[in-house]
Amino acid sequence: MSHFADARDLEGELIAFLAAYLASSDGARARDVARGMGERAGLVLRTLDPQTVLSVDLLEGSVAPGAIEDPNLEVELEADALHDILLGRLDPVQISRLVETNRLVFSGAASDLAALVALAGPLAPHYPASLERRGRQDLLDTPRPESSAVWTTGPDAPMPEIINERRSWQRPKRSAASV
Amino acid sequence: MTATGSPVSAWEDLGVERSGTLPADWYTSPELYALEQEHLFRHVWQQVGRTEQVAEPGQFFTCEVANEQVVVVRGRDGTLRALSNVCLHRAGPVALKCGSRKAFQCPYHGWTYELDGRVRGMQGMEDTEGFDIGSMRLPEFRVETWGPLVWVSIDPAVPSLSEWLAQITPRSVNYRLDDLRYIGGRRWFIPCNWKMYVDNYMEGYHIPFIHPGLNQALDPAIYTYELADWSNEQYGAEPHPRGPGSRVASALGSVQAFRTLKPPMEGLTESERNGYYFFWLFPTNTFNFMPDGFLLFTIRPVDVEMTECTFSWWFPEAGDLTETLLQAAVVGFGHEINTEDLEICMHSQKGMRSSVYHQGRYSANQEKCLHHFHRLITAHMAPHLGGASTNGHAAVRGAAR
């Protein structure tokens, strides 16, 4: 069960938080960064459980429900994971596990992702501040996930099958005929 | 059993240029595995946990060392002890997993123990004759700490831990392990012999084939090997000018882009800032020093063809979410590499059971460390292999017992 009552509850908190961020001096610096991303600097944020879709236009400094066309970046993750990440409650092992299990999915240009990662530091403190302003102590008091955990894959688990697989960023192998 | 009476085939050291690799039966023989437990793993220091787990009186964790069940506990007097985790009554565990206790109690029949191992009490033993609980206590093993790590040895005569780790200590200094924060890890049970996994760690020869991400992140022109008495060290330099690196590094554009966002830790030398030191200490200790932090592999033999590997991460305290995400990228990169390694080890272990494979040959310029490991393990085990000399070298570390 999610920390959020429903999609409307989540959407309301995310829009309030992002709007406050975009209106802040941190948001102004984000617009400077966004100019380096080209003519557009759009981000689509998709959450699961509850399901919401928001679009952020970093150049205009706006946030709205729904997905814009051709965003620079799309990020999809569970609502509670987003909540815990923004509250600094997930450690790097836990975040990498989300990525590895496809529970945190990015798509878009690598350079734009790098820009987003760089912006995440100043962005995050605006989330608890927004929750506090809006009297959402219930969300600030949600239980912390277990930290410093060891993720164990047992002896009976299927073994991985990744060697010899072409990675998305690898150049195609030359065929034998072309050698 | 071979014709010489040894459980495994002989291995002759003719130098890395002329020797064959360790024969296949060294990876599959249950008899050799039992001898290794008795004559190797009982006589070395093994890393079993972290000091933060036993920082306060009453805190404990359990572990297994060379078939011994052990509970490491901080006593009320502040002393760190490694006690046998085997109840003196019917061999039940006096402690399970980890946590904090004022006393231990075996869940089987309720016998209780003080944190220093003395028997505290039990019921139902009133009519048992010649039974003096005042003289009974859990056996104690050697325990010491090094940086953030707790080590145990079953052998009371083993040299001190500081002496044991003398070769690794200089390498660790600039990484200031005590100032880093443990952030969790990943544990795998890999269906391979423990030596198979160590073998894989001993060379970078496989990197271009097994690790496409790491291969892109390292400079092939700068990959070095150095041998010492009981240890060896490999060094791989970054960044590779071609980039991108792994799945994660590639997500950030390139290793260079990654490093722009995430500069190396402070206080490192130029070579430490620009690359990875992979340090191995006989028989299973592997320390990975990175520009971003520290990654420890804890390799524990579980059975002749099953090995538990725990990959534990330490980083500087993350200042903000950007740094946390970048550390997550490093962890993701590491997990990708580790997963590739364990998968190939699983395949090669199957290959060791082939009727048509006996042994291979070393790459003389890229498998020096592998040959070094094979020299050490064969020399150490030689006196215990039915009189068959396998090596010709003097018995090694820990004095073959």
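These numbers come from a predicted model, not from an experiment. Here is the naming used below: chain letters follow the sequence lines, and residue numbers restart at 1 for every chain.
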So, do [X] and [Y] sit near enough that their side-chain heavy atoms are less than 4.5 Å apart?
| X | Y | value |
| --- | --- | --- |
| B/L321 | A/L123 | no |
| B/L342 | A/M159 | yes |
| A/P160 | B/W188 | yes |
| A/V150 | B/R186 | no |
| B/H347 | A/I163 | yes |
| A/T153 | B/R187 | no |

Side chain / backbone / both / neither for B/S312 at chain A, heavy atoms under 4.5 Å: neither
Side chain / backbone / both / neither for B/W313 at chain A, heavy atoms under 4.5 Å: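 For B/W313, the side chain is the part near chain A, not the backbone.
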For the residue pair [X] and [Y], what are the closest heavy atoms and their distance?
| X | Y | result |
| --- | --- | --- |
| B/T324 | A/L90 | CG2-O, 3.7 Å |
| B/V331 | A/S96 | CG1-OG, 3.2 Å |
| A/G121 | B/T322 | N-OG1, 2.7 Å |

Within 6.0 angstrom of A/E132 CD, more than 12 heavy atoms from elsewhere: no
Flag if over 12 foreign heavy atoms under 6.0 Å of CZ, A/R8: no
Residue-level interface, residues 201-211 of chain B with chain A, non-hydrogen cut-off under 4.5 Å: B/I210
Residue-level contacts of residues 294-304 of chain B with chain A, using a heavy-atom cutoff under 4.5 Å: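 Against chain A, none of the residues of residues 294-304 of chain B fall inside the cut-off of heavy atoms under 4.5 Å.
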Option in A/A120, A/G108, A/P122, A/A124 with maximal non-hydrogen atom pairs under 4.5 Å from chain B: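 Looking at each of A/A120, A/G108, A/P122, A/A124 in turn, A/A120 comes out on top.
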side-chain contact (heavy atoms from CB on, under 4.5 Å) between B/F189 and A/T152, intermediate numbers included: CA-CA 8 Å; B/F189 287 83; A/T152 299; 4.0 Å; yes
Interchain contact, A/A118 with chain B, by part (heavy-atom threshold 4.5 Å):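 For A/A118, the contact with chain B is made by backbone and side chain together.
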Part of A/E161 lying under 4.5 Å from any heavy atom of chain B: both
Sidechain-backbone polar pair: B/E343 side chain, A/I162 backbone, donor-acceptor under 3.5 Å: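 Yes, B/E343 side chain to A/I162 backbone: donor-acceptor pair under 3.5 Å.
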